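Not measured: the values here are computed from a predicted model. Numbers restart at 1 for each chain; the letters A, B, ... are given by sequence-line order, proteins then strands.
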There are 2 protein chains.
Amino acid sequence: MNKALSNAADETSATGISTSERILSTSAALFREKGYAGSTTRELAELLGIRKASLYHHIETKEEILYQICIASLTRIIDEISKSITEVVSQEDLRTMIRSHVVEIVGTRDFHSVMLTEMRGLTPDHLVEVVALRDRYEQLIRDVVSQSQSLGILRDDVAAKYLMLCLLNLLNWTIFWFKPGGDLDGEELGDLLASIYLEGASQMSTLGRVGAS
Amino acid sequence: MNKALSNAADETSATGISTSERILSTSAALFREKGYAGSTTRELAELLGIRKASLYHHIETKEEILYQICIASLTRIIDEISKSITEVVSQEDLRTMIRSHVVEIVGTRDFHSVMLTEMRGLTPDHLVEVVALRDRYEQLIRDVVSQSQSLGILRDDVAAKYLMLCLLNLLNWTIFWFKPGGDLDGEELGDLLASIYLEGASQMSTLGRVGAS
DNA sequence: GTCTATATTGTGATAGAC
DNA sequence: GTCTATCACAATATAGAC
């Protein structure tokens, strides 16, 4: 059996964590690795150490698990971003928001990855609801970008929509390669991505950087 | 039947294009939309306008299609990148490489997306081969980054590995939202992403930008 | 090269005992 | 709340005629 996946299941098997919660976190790890359509209820049950039929005491369908993962991921990140930015008044506020964002993404990597890449597996009704929540999340970021443009913090030769999409580009793909325990932790990666988004990666642009050696 | 998908099939049904090629391009569109595991040979046959069994005159397994898509995508992009950079001697060369890269990605969107996100569906043997090819592709970019650092074009306070990953972050996520016929074409998006990677998105960093109004 | 028909396995989900 | 046993169906793939 896959080691990383069974670890994800083991971590939640301590007392105090409900089976429903274990199903969610174990599924998130499984779905991230094999995809929603590529994961079976048999594998999931095995990772949880129960029989396949026992799953259905806690859930009604496999799709419901995906739905719960998407909702949990989006409500969390909307909450975290909202907390990290009451108002943008300086470039430093923007940097803080990006850092919080990255720390949240890598801290809830399984949930966030599945939400971002497996959303298409939802039933039409659930998809509408989750997409609406994702739009709210993206609008939050777009508002921050737009506000920063008005304040002269971000360039305004590009529409806020595209500056927002470029920022999400820079942050989101991280889910495909970041591994906890590597030589960068979430905070450090957040700092790096924020500095590239704000100042770029060219040598010239870093000469005047705050804290540059 | 889904309109975008049947269009993708129709575009290839003109004379002169072999059924094998039609299977590849139609599968790439289907797999991008529904995922490899989420797509069935029934849907594929229907999009092609043939019976499911007829597919097996051209292919041996469904997985073989995925394999061909991954190989085609990677050999193409390795070739394109190699052509676009004989040697990096200025920031403008880097900009050219990024632009070529983006144009190639969005021009072969279906193939490239499937290669990037559905690779895990390959058999172990095929996966080893495809991952080796992907590593070659990433090494190409890493070499360019590293060379640029030596020349003082890119900042050298971060390891080439991470500058390469940040660049791929910025470029790759594009596959999830770019749609041809929108208000940005591939070239324009390439310019935008190159300028953000090199100079950042902050207002300050754009004041001295070449061509800024 | 495509067809009809079918084999075979894997899938999500349920019935009902404990 | 978990179990054994099983259902109903969808999946990939094959056989053999045309």
Visitor: Should A:R109 and A:E104 count as an ion pair when the cut-off is N to O under 4.0 Å?
Guide: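 A salt bridge is absent here (no side-chain N lies under 4.0 Å from a carboxylate O).
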Visitor: Can you name the salt bridge (charged side-chain N to carboxylate O under 4.0 Å, His left out) partners of B:R42, sequence neighbours left out?
Guide: none
Visitor: Atom CD of B:E64 and atom C1' of D:dT12: how far apart are they, to the nearest Å?
Guide: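 In whole Å, D:dT12 C1' and B:E64 CD are 14 Å from each other.
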Visitor: With heavy atoms under 4.0 Å as the rule, sort A:S20 into base, sugar-phosphate or nothing.
Guide: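 If one applies the 4.0 Å heavy-atom cut-off, A:S20 turns out to touch nothing in the nucleic acid.
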Visitor: Rounded to the nearest Å, what distance is computed from the CD atom of residue B:E43 to the P atom of nucleotide D:dA13?
Guide: 15 Å
Visitor: Any donor-acceptor pair under 3.5 Å linking the side-chain atoms of B:Y36 with those of B:E63?
Guide: no
Visitor: May I have the distance from B:I23 (atom CD1) to C:dG1 (atom P), rounded to whole angstrom?
Guide: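 Answer to the nearest Å: 10 Å.
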Visitor: Is the backbone N or O of B:I50 less than 3.5 Å from a side-chain atom of B:S54, with the two atoms forming a donor-acceptor pair by type?
Guide: no
Visitor: Tell me whether A:R155 is salt-bridged to B:E199, with the criterion being a basic N under 4.0 Å from an acidic carboxylate O.
Guide: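 Looking at B:E199 together with A:R155, the answer is no, because their closest N to O distance does not fall below 4.0 Å.
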Visitor: Short of 4.0 Å, heavy atom to strand atom, which residues of residues 55-62 of chain A count as contacting DNA chain D?
Guide: A:H57, A:H58
Visitor: I'd like to check A:L122 versus A:M119 (side-chain heavy atoms, cut-off strictly below 4.5 Å). Are they in contact?
Guide: yes
Visitor: List, with names and distances, any nitrogen or oxygen atoms from the protein found under 3.5 Å away from nitrogen or oxygen atoms belonging to nucleotides 4-7 of chain C.
Guide:
residue: C:dT4; atom: OP2; partner: B:R51; partner atom: NE; Å: 3.4

Visitor: May I have the distance from B:E63 (atom CD) to C:dG10 (atom C1'), rounded to whole angstrom?
Guide: 18 Å
Visitor: Are side-chain N/O atoms of A:S25 and A:D110 paired as donor and acceptor at under 3.5 Å?
Guide: no
Visitor: To the nearest angstrom, how far is A:L30 atom CG from C:dG12 atom P?
Guide: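 It works out to 10 Å between those atoms.
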Visitor: Classify the ring geometry between B:H101 and B:Y137 as parallel (under 30°), tilted (30 to 60°) or perpendicular (over 60°).
Guide: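 Geometry flag for B:Y137 against B:H101: perpendicular rings.
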